[in-house]
Amino acid sequence: MSQKGLSDFFEKYIGAKSIFINKAALQSAYHPQTIPHRDMEIEAIASILAPALKQEKPSNLFIYGKAGCGKTLCLRHISRELEANAARHNIPLKVLYMNCKLKKVADTEYRVIAQLSRELGKAIPPTGLPTDEVYKIFEQAVEADKGILLIVLDEVDQLVKKIGDEILYSLTRINEGLSQSKISLVGISNDMVFLAALDPRVKSSLSEEEIIFPPYNAIQLQEILYQRARLAFSEGAIDHGVIEKCAAYAAREHGDARRCLELLRVAGEIAERANHQRITIDHIDEADEKIERDRLMIILKTQPKQSQAALYSILTISSDKKTTIFTGDVYELYKKICDRIGLRPLTQRRISDIIAELDMLGIINVKVISKGRYGRTREITLSVDQATLPRMRKILEESLSL
DNA sequence: GTCAATTCACATGAAAGAGACCACGGTCTAGTG
DNA sequence: CTAGACCGTGGTCTCTTTCATGTGAATTGACGA
């Protein structure tokens with residue numbers, strides 16, 4: 001493109017009528033005015049938390065539901081209202097929201113407590129203090145606050161899976177040392193069986209109340225999409241059947257509204273980039289592929305070198321021969337690859353874990369099988385599209401400088 | 001042919017180490033009045 | 001005299017290694033029909 005052409009391009013870009021008028025309405029951080037199809041749940045949660053407005057400690061609450069079914073959205077909505085009401089009537093009430101999935105923020109006991117303390121205005125160094133010291137600081141901060149404190153732990157299952165349920169126990173125990181304040185916990189979890197695995201002591205004190213969010217069905221998803229699409233897109237930017245298709249895609253995956261909205265947004269971006277005036281059903285298909293592909297590539301690029309080498313080993317074996325792949329084969333080749341690129345090879349024990357991690361990420365499929373006399377091992381198959389294999393290999397080769 | 005024991009090749013668990021990062025308090029050093 | 005540099009100690013956190021134990025079915029070998 002010549003310089004003149006570039007200028008023209010930008011001119012045209014600015015002049016072109018965008019199909020978006022407010023893209024933010026499709027992003028997950030967006031808070032809509034109303035939350036459709038969640039009236040019952042909101043009411044239930046509100047009535048459980050309402051005692052906080054009378055300076056009584058609300059019951060601890062556990063909320064379950066699949067990804068993207070509005071748990072977080074509802075809770076944030078309620079806590080905002082709750083805080084606003086409390087402020088209006090001068091009631092000392094605070095809600096601390098914490099997403100336990102965030103790496104480097106809330107994935108260890110120390111960090112969770114430190115982060116909570118920070119939100120109460122205490123400065124806590126990122127490391128260096130003993131954990132019980134941080135607990136003490138937190139307790140003092142809570143006590144000094146004088147009032148009801150609601151702690152919302154989003155995706156607690158992730159937290160507990162990583163560091164155990166002790167932290168929940170400690171948090172519930174803090175109340176015992178408080179006279180001026182009270183803490184209530186609200187846990188949000190995707191995992192329905194999570195509670196069963198908890199220590200009985202923790203379990204009984206935490207699940208004083210439970211609320212289950214059912215997934216959205218296709219019709220409900222459609223309504224949500226229509227509501228957001230009206231805000232996000234300009235008039236007539238969406239073809240007939242697009243919303244329906246979007247909803248159907250997401251309903252297939254346990255009614256994930258977040259994914260649904262992402263699909264629509266990406267489809268919009270694709271349409272816009274291609275200079276189309278309308279989003280069509282084809283754009284949805286394209287968006288679905290793109291989302292999946294992008295996710296995979298980001299995972300690939302952000303893996304540590306060792307995992308990349310292990311994965312590269314798996315990819316190589318699977319393209320060389322069509323037989324099933326076992327841990328031993330992967331490890332042998334992995335060692336050679338390490339040798340070639342000057343990486344210190346890890347032990348088989350660690351590679352075994354890395355393979356399990358790759359399985360968790362959905363890049364490969366792993367099944368533990370017993371081959372009788374010939375031992376027990378993992379049977380590994382690739383769970384990605386054959387078409388994306390060369391691209392994956394290329395990324396790994398670049399990253400490992402092979 | 002039947003059945004229990006054996007065996008393989010890892011899986012899986014637990015504990016502990018290495019190295020990075022950080023806070024804190026004490027000591028040293030150089031600059032300032 | 002004091003601010004800042006520097007050190008040692010003690011803490012967390014992540015990634016690994018080391019050591020130990022577990023596991024499920026093909027294979028083996030003894031036994032009886």
Side-chain angles (χ1 to χ4, degrees), chain A residues 98-119 121-141 155 158-171 197-199 299-314 317-318 321 323-339 341-361 363-381 383 399-400:
Chain A
M98 166 147 333
N99 189 337
C100 305
K101 211 177 73 181
L102 294 177
K103 284 218 158 177
K104 309 282 179 191
V105 177
D107 54 355
T108 70
E109 190 172 8
Y110 182 100
R111 282 177 187 159
V112 170
I113 306 299
Q115 183 60 32
L116 289 173
S117 309
R118 268 182 222 122
E119 295 204 16
K122 295 276 176 184
I124 306 263
T127 167
L129 261 53
T131 305
D132 46 340
E133 190 70 25
V134 185
Y135 265 109
K136 255 182 237 155
I137 296 174
F138 176 62
E139 202 175 320
Q140 281 164 13
E155 316 219 22
Q158 303 282 331
L159 183 68
V160 170
K161 208 184 287 167
K162 256 198 107 174
I163 59 169
D165 49 15
E166 252 165 69
I167 180 169
L168 297 180
Y169 185 63
S170 312
L171 277 174
L198 283 180
D199 185 316
I299 291 176
L300 237 54
K301 280 182 196 158
T302 52
Q303 283 302 298
K305 288 265 184 293
Q306 300 286 3
S307 304
Q308 289 182 343
L311 183 58
Y312 188 74
S313 159
I314 294 171
I317 297 176
S318 83
K321 50 175 188 163
T323 57
T324 42
I325 310 167
F326 301 115
T327 307
D329 309 337
V330 175
Y331 188 62
E332 283 309 308
L333 184 58
Y334 158 81
K335 273 200 292 194
K336 281 184 201 148
I337 291 171
C338 283
D339 207 35
I341 61 176
L343 203 62
R344 194 172 61 85
L346 301 175
T347 51
Q348 180 152 342
R349 176 71 186 83
R350 179 67 188 128
I351 294 301
S352 177
D353 278 349
I354 285 178
I355 289 173
E357 281 161 23
L358 290 172
D359 177 38
M360 290 275 287
L361 290 171
I363 303 175
I364 58 176
N365 249 317
V366 151
K367 209 169 76 189
V368 177
I369 54 155
S370 176
K371 294 189 288 168
R373 187 66 208 266
Y374 305 105
R376 227 164 103 84
T377 183
R378 284 202 175 93
E379 191 181 75
I380 302 165
T381 45
S383 60
S399 174
L400 295 167

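Order of the sequence lines fixes the chain letters, A, B, ..., with proteins taken first and strands second; residue numbering starts at 1 for each chain. Hydrogens, waters and symmetry mates are skipped; everything else that's a heavy atom, side chains included, is used.
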Rounded distance in Å - [atom1] ([X]) to [atom2] ([N]):
X: A/Ile325; N: B/dC10; atom1: CD1; atom2: C1'; value: 16 Å
X: A/Ile351; N: C/dT17; atom1: CD1; atom2: C1'; value: 13 Å
X: A/Phe326; N: B/dC8; atom1: CZ; atom2: C1'; value: 13 Å
X: A/Ile369; N: B/dC10; atom1: CD1; atom2: P; value: 11 Å
X: A/Asp353; N: B/dG13; atom1: CG; atom2: C1'; value: 10 Å
X: A/Ile354; N: C/dC15; atom1: CD1; atom2: P; value: 10 Å
X: A/Ile355; N: B/dA9; atom1: CD1; atom2: C1'; value: 13 Å
X: A/Ile137; N: C/dG11; atom1: CD1; atom2: C1'; value: 13 Å

Please check the phosphate of B/dA11 (OP1 and OP2 only) for any side-chain N or O of A/Ser352 closer than 4.0 Å.
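For A/Ser352, the contact criterion (side-chain N or O under 4.0 Å from OP1 or OP2 of B/dA11) is met.
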Please confirm whether the shortest side-chain N or O distance from A/Arg344 to OP1 or OP2 of B/dA18 is below 4.0 Å.
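Answer is no, no contact under 4.0 Å.
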Show, in sequence, the C-alpha distance, side-chain angles and deciding distance for A/Gln308 and A/Leu300, and conclude whether the side chain to side chain contact (heavy atoms under 4.5 Å, CB included) test is met.
CA-CA 7 Å; A/Gln308 289 182 343; A/Leu300 237 54; 5.9 Å; no
Where is the tightest heavy-atom contact between [X] and [Y], given as atom of each residue plus distance?
X: A/Ile314; Y: A/Ile364; answer: CD1-CD1, 4.0 Å
X: A/Ala310; Y: A/Ile354; answer: CB-CG2, 4.1 Å
X: A/Ile380; Y: A/Thr327; answer: CD1-N, 4.4 Å

Under a 4.0 Å heavy-atom cut-off, which of residues 371-378 of chain A touch DNA chain B?
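By residue number: A/Gly372, A/Arg373, A/Tyr374, A/Gly375, A/Arg376, A/Thr377, A/Arg378.
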Among residues 302-311 of chain A, which residues get a heavy atom nearer than 4.0 Å to DNA chain B?
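Output list: empty, so none.
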With sequence neighbours excluded, what pairs up with A/Tyr334 under the ring-ring contact (aromatic ring centres under 6.0 Å, His included) test?
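By the ring-ring contact (aromatic ring centres under 6.0 Å, His included) rule, A/Tyr334 matches A/Tyr331.
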Are any non-hydrogen side-chain atoms of A/Ile113 and A/Ile137 less than 4.5 angstrom apart?
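No; the side chains remain at least 4.5 Å from each other.
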Could you pull out all residues at least two apart from A/Arg373 that satisfy salt bridge (charged side-chain N to carboxylate O under 4.0 Å, His left out)?
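Not a single residue meets the salt bridge (charged side-chain N to carboxylate O under 4.0 Å, His left out) criterion with A/Arg373.
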With sequence neighbours left out, write down each residue that passes salt bridge (charged side-chain N to carboxylate O under 4.0 Å, His left out) with A/Glu119, or none if nothing qualifies.
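Not a single residue meets the salt bridge (charged side-chain N to carboxylate O under 4.0 Å, His left out) criterion with A/Glu119.
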N/O to N/O distances under 3.5 Å, protein versus nucleotides 18-20 of chain C:
none

Under 3.5 Å, is there a donor-acceptor pair between the side chain of [X] and the main chain of [Y]?
X: A/Arg378; Y: A/Ser352; result: yes
X: A/Ser313; Y: A/Ala309; result: no
X: A/Glu379; Y: A/Asn365; result: no

Can you figure out which of C/dT16, C/dC13, B/dA11 approaches the side chain of A/Thr327 most closely?
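Nucleotide nearest to A/Thr327's side chain: B/dA11.
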